[in-house]
Amino acid sequence: MQTIPFPDPGRPDTRSTTRFMLWVGRQQWRTQVLGMLAGMAWMLAIALVPAAVGKGVDDGIVPGDLGGLVRWALVLIGLGAICAATAAIRHYFAVYNWLFASYRGAQLTAQGAERAGPALTRSMPSGEVVAVFANDVMRLGGLYDVMGRFSGAVVSYAVVGAILLAASPALGWLVLLGGPVMLASLSLIVRPLQRRQARQREEAGRLTTLGADTVAGLRVLRGIGGEQTFLRRYEQQSARVRERGFQVAGIQAALDSAEVLIPGIFVVLVTWLGAREAVTGDITAGQLVAFYGYTAFLTMPLQTAIEVVDRGIRAQIAAGKMLRVMAVQPDHDAAKPSTVALPAADADLVDPLSGTVIRGGRLTAIVSARPEESSAVADRLGRHGPGPHQTTWGGVRLDDLSIGDVRRHVVVSEPDPRLFTGVLRDQLRGGPGRRPAAAGVGSDHGSDHEVLAALTTASALDVLDAVADGLDGTVEERGRSYSGGQRQRLALSRALLTEAPVLVLVEPTSAVDAHTEARIAGRLAEHRRGRTTVITTVSPLLLGQADEVVVLEDGLATLTGTHRELLDHPTYRHIVIRGEEDDQ
C-alpha cells in the first residue's frame with residue numbers, strides 16, 4: 001500500500017479556523033492545482049457535449065448531411081474520451097488531497113496532544129480528544145476532496161453562461177446572474193446549520209467521553225453494581241445527542257432539498273424560455289436540444305456549489321475542534337534549554353515546599369497518612385504538573401534544566417499502571433529498538449537479558465507464562481488480559497529498565513500480595529543499590545529495606561530516620577500499622 005510522505009509540517013496558522021484551513025490547503029497546493037485543472041477539463045468536456053449534440057442536429061440530421069453527422073459524432077467521442085481520462089485524474093487527486101489534508105490534520109493534532117501532555121486531559125475530556133481523531137480530521141479533509149469539482153463547476157458554469165448569452169441574451173443573463181443570487185440565499189440556512197451542528201458535535205463528544213469512561217471502568221462498575229446507573233446516564237446523553245440531531249436534520253434537509261430545488265428551477269426556466277424562442281424561430285432545433293442539455297448539465301455545478309457549502313461548514317467545525325487541542329499549553333516549555341550544568345547523578349534532591357530531603361545514592365521512602373500528600377511530593381521531585389517548581393537537585397533548580405533532561409534523569413512511575421497495545425518487549429523497553437536514555441549504561445542495555453533481570457526484580461517472570469510467545473507476545477489494550485498486580489509489576493519492570501539516576505516509585509506494590517511484596521522489596525533494594533531511589537509507601541516490607549524514611553504530616557516532613565528507629569514514634573507507628581491492616 002502506497003503511503004503519503006509527510007514532511008515536517010512546520011507551524012500552522014492557528015489564529016482562526018479559516019486561516020488554519022487555508023494553511024492546510026497551501027501545504028498541498030501542487031496537488032490541489034492539478035486536481036482543479038483536471039476538474040476544469042472534466043466538467044468543461046461534459047459542458048460541451050450539449051453544444052456538440054446541437055451542432056450534430058443542425059449540421060447533420062436536419063439537412064440530412066451524413067458527413068456533418070459523422071463529424072460531430074467523432075467530436076462527441078473525443079469529448080467522452082477526455083471526460084473519462086480527466087475524471088480518473090480528478091478522482092485520484094481528490095482522494096489524495098482528502099487523505100493528505102485529513103492525516104496532516106491528524107498529525108498536527110497529535111503533535112499538539114503530545115506537546116500538551118497531561119495538561120490536555122485537564123483541559124478537555126478524553127472522549128472529546130478521541131472524537132477529534134475519529135471524526136473531525138476526516139471532515140476537514142472532505143473539503144479539499146471537493147475543490148477540484150468546485151473549480152470545474154465555476155469555470156463550466158461561466159462557459160455555459162457565455163454560450164447561452166451569445167445565443168440568447170435573456171437565457172445568458174438568467175444563468176449568469178440567477179444562479180449566484182439563488183446560491184447566496186443559502187446564507188439563510190448556513191449559519192443556523194453551523195450553530196446546530198456545533199452543538200450536536202459538543203453533545204456527541206460528551207457521549208464519547210461517557211462511553212470511554214464506562215468501558216474503562218466496567219470491571220469496577222460490576223463490582224459495585226453500578227451498571228444500571230451508568231446505563232441510565234448513557235441513555236440520557238444519547239437522548240440529548242438525538243435531540244440535537246433532530247434539530248440539525250431540519251436545516252440539513254433544507255440544504256439537501258436546495259440541491260434539487262435550485263437546479264430544478266433552472267431546468268424549468270431555461271427550458272421554458274428556450275422553447276418559446278424555438279417556437280418564434282429565434283433559435284434552431286439544434287440550439288433547443290443544446291439548451292435542454294445545458295439545463296440538465298447545470299444541475300451538476302449548482303449541486304457541487306451547495307455541497308461545498310455543506311462540507312465547508314463541517315470542515316470549519318472540525319478545524320475548531322482540532323485547534324482547541326492544539327491550543328492547550330503544556331505545563332513546561334519543551335523547547336527551553338538547560339541554563340545550568342546537569343548535577344551529579346548522586347546529588348541530593350530537595351523539595352522546599354514540604355521540607356523533604358532525598359539523599360543521593362540511597363533508597364528513601366516517603367510515608368504519609370494521606371497518600372495524596374506523598375504523591376504530590378513525588379510529582380514535584382519529577383517536575384510534574386503546572387506552575388513553577390522550587391525543587392532542587394544538587395543545588396540546581398529543576399526549572400533551570402530542560403524538561404527533556406529532567407525526564408531522562410528523573411523518572412516518576414505513577415501509581416496507575418498504564419500498559420499499551422504492542423509487543424511486550426517493546427512495551428517494557430519503551431518502543432521498538434529503543435533503549436532508555438541514561439548515563440553510564442552498557443551497550444547491551446535494554447537487551448533481553450536486562451529485560452529479564454528487571455522482570456525478576458519485580459517478581460514478574462510469571463507474567464511471561466501468561467503470554468504465549470513470552471517477550472514476543474502481544475499486550476492487549478490497556479493490558480486487560482493481566483490482573484491488577486501483574487500490570488503493576490510490569491510497570492515497575494518498565495521503570496527499572498530506564499536505569500534512571502533518580503527513580504521515583506509511587507505505591508509500586510499496592511496491588512500485590514505480601515509474599516510477592518517481600519520478594520520485590522529485597523530485590524528492588526539490591527537492584528537500585530548506589531542509585532537514588534524514592535518510594536512512596538506505607539508497607540513495612542518496603543520501609544524495612546529503605547536507607548531512610550521521611551514522614552509527612554499535613555504535607556510537611558516532620559520525622560526522618562530508619563524504619564526501626566521511627567517505630568518508636570506513635571504517629572509513624574499508627575500510619576504503618578494501619579497500612580499493614582489495610583493490606584491484610
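Heads up: numbering here begins at 1 and tracks the sequence.
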*Applying salt bridge (charged side-chain N to carboxylate O under 4.0 Å, His left out), run through Asp348 and Arg359 and close with a yes or a no.*
CA-CA 5 Å; Asp348 294 347; Arg359 304 298 179 187; 3.6 Å; yes
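- At least one donor-acceptor pair under 3.5 Å links the side chain of Arg407 to the backbone N or O of Gly382.
- Here the CD-OG1 distance, from Gln488 to Thr516, works out to 11.0 Å after rounding to the nearest 0.5 Å.
- No side-chain donor-acceptor contact under 3.5 Å links Thr356 to the backbone of Ala557.
- Residues Arg523 and Thr457 bring no donor and acceptor atom of their side chains to less than 3.5 Å of each other.
- Note that OG of Ser354 is 7.0 Å distant from CD1 of Ile366, once rounded to the nearest 0.5 Å.
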*Does the side chain to side chain donor-acceptor pair (under 3.5 Å) test come out yes or no for Glu548 and Thr364, once each step is laid out?*
CA-CA 5 Å; Glu548 190 172 59; Thr364 304; 4.6 Å; no
*Determine, stepwise, if the pair Arg383 / Asp405 fulfils salt bridge (charged side-chain N to carboxylate O under 4.0 Å, His left out).*
CA-CA 11 Å; Arg383 194 180 160 190; Asp405 283 341; over 6 Å; no
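- Listed here is the closest heavy atom pair of Arg324 and Ser123: NH2-O, 4.0 Å.
- Shown here is Asp513, whose CG atom has more than 12 heavy atoms of other residues, nucleotides or ligands within 6.0 Å.
- Residues Val350 and Ile358 fail the side-chain proximity criterion, which asks for heavy atoms closer than 4.5 Å.
- The two atoms that bring Leu541 and Ala514 nearest to each other are CD1-O, 3.5 Å, heavy atoms only.
- The two residues Pro501 and Arg408 make their nearest non-hydrogen contact at CD-O, 4.3 Å.
- No hydrogens or angles considered: a donor-acceptor pair under 3.5 Å links the side chains of Ser459 and Arg519.
- With values rounded to the nearest 0.5 angstrom, Arg573 atom CZ is found 11.0 Å from Leu566 atom CG.
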*So Glu373 and Arg370, salt bridge (charged side-chain N to carboxylate O under 4.0 Å, His left out) or not? Walk me through it.*
CA-CA 6 Å; Glu373 292 180 352; Arg370 298 165 59 187; 3.1 Å; yes
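- From Thr339, atom OG1 reaches atom CG of Asp400 across 4.0 Å, with rounding to the nearest 0.5 Å.
- Here the closest heavy-atom approach between residue Asp379 and residue Glu414 is recorded as OD1-OE2, 3.8 Å.
- For the residue pair Glu517 and Thr509, a side-chain donor N or O sits within less than 3.5 Å of a side-chain acceptor on the partner.
- Between Val576 and Leu543 the shortest side-chain heavy-atom distance falls below 4.5 Å.
- Judged by distance alone, the side chain of Thr532 and the main-chain N or O of Gly361 form a donor-acceptor pair under 3.5 Å.
- With Arg528 contributing its side chain and Leu524 its backbone, the two residues share no donor-acceptor pair below 3.5 Å.
- Of all heavy-atom pairs between Leu492 and Pro508, the closest is CD1-CB, 4.4 Å.
- Atoms CG and CZ, from Leu428 and Arg494 in turn, are 7.5 Å apart once rounded to the nearest 0.5 Å.
- Of all non-hydrogen atoms in Ser102 and Gly141, the two that sit nearest each other are OG-CA, 3.3 Å.
- Within the 4.5 Å cutoff, side-chain heavy atoms of Trp23 are placed close to those of Gln27.
- Inter-residue side-chain proximity for Val534 and Leu505 is flagged as unmet; no heavy-atom pair is nearer than 4.5 Å.
- The closest donor-acceptor contact from the side chain of Glu565 to the backbone of Thr562 lies under 3.5 Å.
- In this structure a side-chain-to-backbone donor-acceptor pair under 3.5 Å is present from Arg531 to His527.
- Taken from CG in Asp136 to NZ in Lys321, the straight-line distance is 7.5 Å, to the nearest 0.5 Å.
- Judged by distance alone, with hydrogens and angles left aside, the side-chain atoms of Thr109 form no donor-acceptor pair with the main-chain N or O of Met322 at under 3.5 Å.
- The existence of a salt bridge linking Arg529 and Glu526 is confirmed by a sub-4.0 Å separation between a basic side-chain nitrogen and an acidic carboxylate oxygen.
- With hydrogens and angles left out, the side-chain atoms of Thr537 and Ser539 include no donor and acceptor closer than 3.5 Å.
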